[in-house]
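Working notes, structure below.
Every number for a ligand or one of its atoms is a count from 1 in the order of the listing. The chain is numbered in sequence order, starting from 1. Keep in mind the model is a prediction, meaning the values are calculated, not measured.
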Amino acid sequence: MRTQVAIIGGGPSGLLLSQLLHTRGIDSVVLERQTKAYVLQRIRAGVLEQGLLDLMTEAGVGERVYREGFAHDGTLLSYGDEMFRIDFTEHTDKPVMVYGQTEVTRDLYKAREATDGRLVFQVSDVEIVGADTDSPEVQYTVDGARQTLACDYVAGCDGFHGVSRKTIPETLRKDYEKVYPFGWLGVLSRTPPVHHELIYANSERGFALCSMRNEALSRYYIQCRLDDRPEDWSDQAFWDELRRRIPGEQAARLVTGPSIEKSIAPLRSFVTEPMRWGRLFLCGDAAHIVPPTGAKGLNTAASDVHYLYTGLRQIYEESDAEGLDRYSERALARVWKTERFSWWFSTLMHRFPDQTEFEYKIQLAEIEFLRTNKAAQAAMAQNYVGLPY
Ligand code: RFL
Ligand code: PHB
């Protein structure tokens, strides 16, 4: 089999790139390790930046998100019983959209299937061969048979645990990592959200986040220990702990119900450099991870897709390699700014096990500064709605 761009990974990065390339008549094949049903049951991101919305529109999948998504022009921060709002419209010209990653992925699968996109599921033993030559290929096994996909370029969109990043020789890449000493326990429940905007809560007992998918579906998170397991947390224990971490007024209003999903995610900041080796380009979680505070993971994957799509268009439509040659540099410049914001917001809002009383006081002083200082609010708002591409 042959294609122009072999895409490893059928998550949001791989699918969005594939659908965008299709709009320009550039052929791709997406190789996904899991089944489509498995990819669609992963509950992840919920907040989309304007940049991602624009890419979805360009890819022809921008209709449902504007119909069913919820535009938010502010977010709430609390500490103890105090709560204040960061107003996006006061400091930026755009809102964010609350719409689940699951729905983004569903829309993209639908579009790829409607346009006869080639998607291969349940591939295993994926191997990228000759990435540093002019004729790379991807070898993989499906239905027990070994296959070879010849291509011009390989897009490594296979997430943090994929094979693409590891294909770049260790001597040529450098990994930067920070692991946080806690995780997030997330619960999805068929209950109305406690507030119509998101609440990021700093409490003495640890961080909490009140988010949502729609008027009848809520998504809540609480900071938990790294050795906690979802089965250790009954629904009742989760709701009790969440109530203790958000302002009393919100706690009194919280509607609880049975969880329909409960999972724990560790928090990590990670970047690999460079994001390109020969004809292999890393994109999304394959190249970088942010802690979820600030909702930047999927959105940063989308900005990579933008730079890679632009580079591929340039080479196929104008025979100009400038965009591909500068892909890694351009993507990383934005990635590091997003890493900084996610690290800052995580550090501001969580309880660290070794935190001294002094450090806790400093944290509260910084939140207090943010509550009262317009310049600090503007910086937060601009980062939250998404830095320009
Ligand atoms: P994905 O989604 O991990 O997709 C990679 C795909 O590659 C497949 N794969 C392989 N396929 C073939 N061969 C192999 N060897 C393969 N190895 C892996 C996988 O099966 C998978 O289908 O990466 P992608 O596309 O780069 O997308 C990244 C986003 O999924 C991620 O950044 C976000 O979910 C992060 N994130 C959030 N991001 C936001 O922008 N806003 C949010 O509100 C937000 N909330 C979150 C989040 C992530 C979370 N968790 C669980 C990590 C909340 C949570 C709790
Ligand atoms: C979510 O709704 O899943 C969500 C929202 C905001 C975040 C992280 C996750 O910062």
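Proximity to G284 (heavy-atom distance under 4.0 Å) selects the following atoms of ligand 1: 26 (O). Short contacts between ligand 1 and G297, defined as distances under 4.0 Å to a heavy atom of the residue, involve ligand atoms 32 (O), 35 (C), 38 (N), 39 (C), 40 (O). Interface atoms of ligand 1 facing L298, defined by a heavy-atom separation under 4.0 Å, are 31 (C), 32 (O), 33 (C), 35 (C), 38 (N), 39 (C), 40 (O).
In this structure, W239 shares a hydrophobic cluster with L76, M83, L185, V187, V194, I199, Y220, I222, W233, F238, L242, I246, L254, I264, the cluster being traced through Ile, Leu, Val, Met, Phe, Trp and Tyr side chains under 4.5 angstrom apart.
A distance of 6.0 Å or more separates the ring centres of Y309 and Y389. Checked against a 6.0 Å centroid threshold, the rings of F352 and Y360 do not count as neighbours. Aromatic ring centres of H350 and Y180 lie farther apart than the 6.0 Å criterion allows.
Looking only at heavy atoms of the protein, atom 36 (N) of ligand 1 is closest to A45 CB, 3.9 Å. Among all protein heavy atoms, the one lying closest to atom 4 (O) of ligand 1 is G11 CA, 3.6 Å.
The only member of V154, D152, L324 that meets side chain to side chain contact (heavy atoms under 4.5 Å, CB included) when paired with R279 is D152.
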Show your reasoning for whether salt bridge (charged side-chain N to carboxylate O under 4.0 Å, His left out) applies to D158 and R33.
CA-CA 9 Å; D158 48 354; R33 188 176 54 178; over 6 Å; no

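Closest approach of I168 and W277 over heavy atoms only: CG1-CB, 3.7 Å.
Across the listed options H161, K36, E32, E32 owns the non-hydrogen atom lying nearest to atom 20 (O) of ligand 1. For atom 3 (O) of ligand 1, the nearest non-hydrogen atom from the set R44, Q101, Q122 belongs to R44.
Between Y79 and F84, the ring planes are perpendicular. Angles over 60° get that label, and only those under 30° would be called parallel.
Of all the heavy atoms of I289, none lies under 4.0 Å from any atom of ligand 1, so neither backbone nor side chain is involved.
Using a non-hydrogen distance threshold of 4.0 Å, E49 does not register as a contact of ligand 1. Distances from ligand 1 to the non-hydrogen atoms of Y221 include at least one value under 4.0 Å. In this structure, G186 has no heavy atom closer than 4.0 Å to ligand 1.
Any N or O atom pair closer than 3.5 Å counts here, and G14 shares no such pair with ligand 1.
Around ligand 2 you find R44, G46, V47, W184, L198, Y200, L209, S211, R213, R219, Y221, P292, G294, A295, each with a heavy-atom distance below 4.0 Å.
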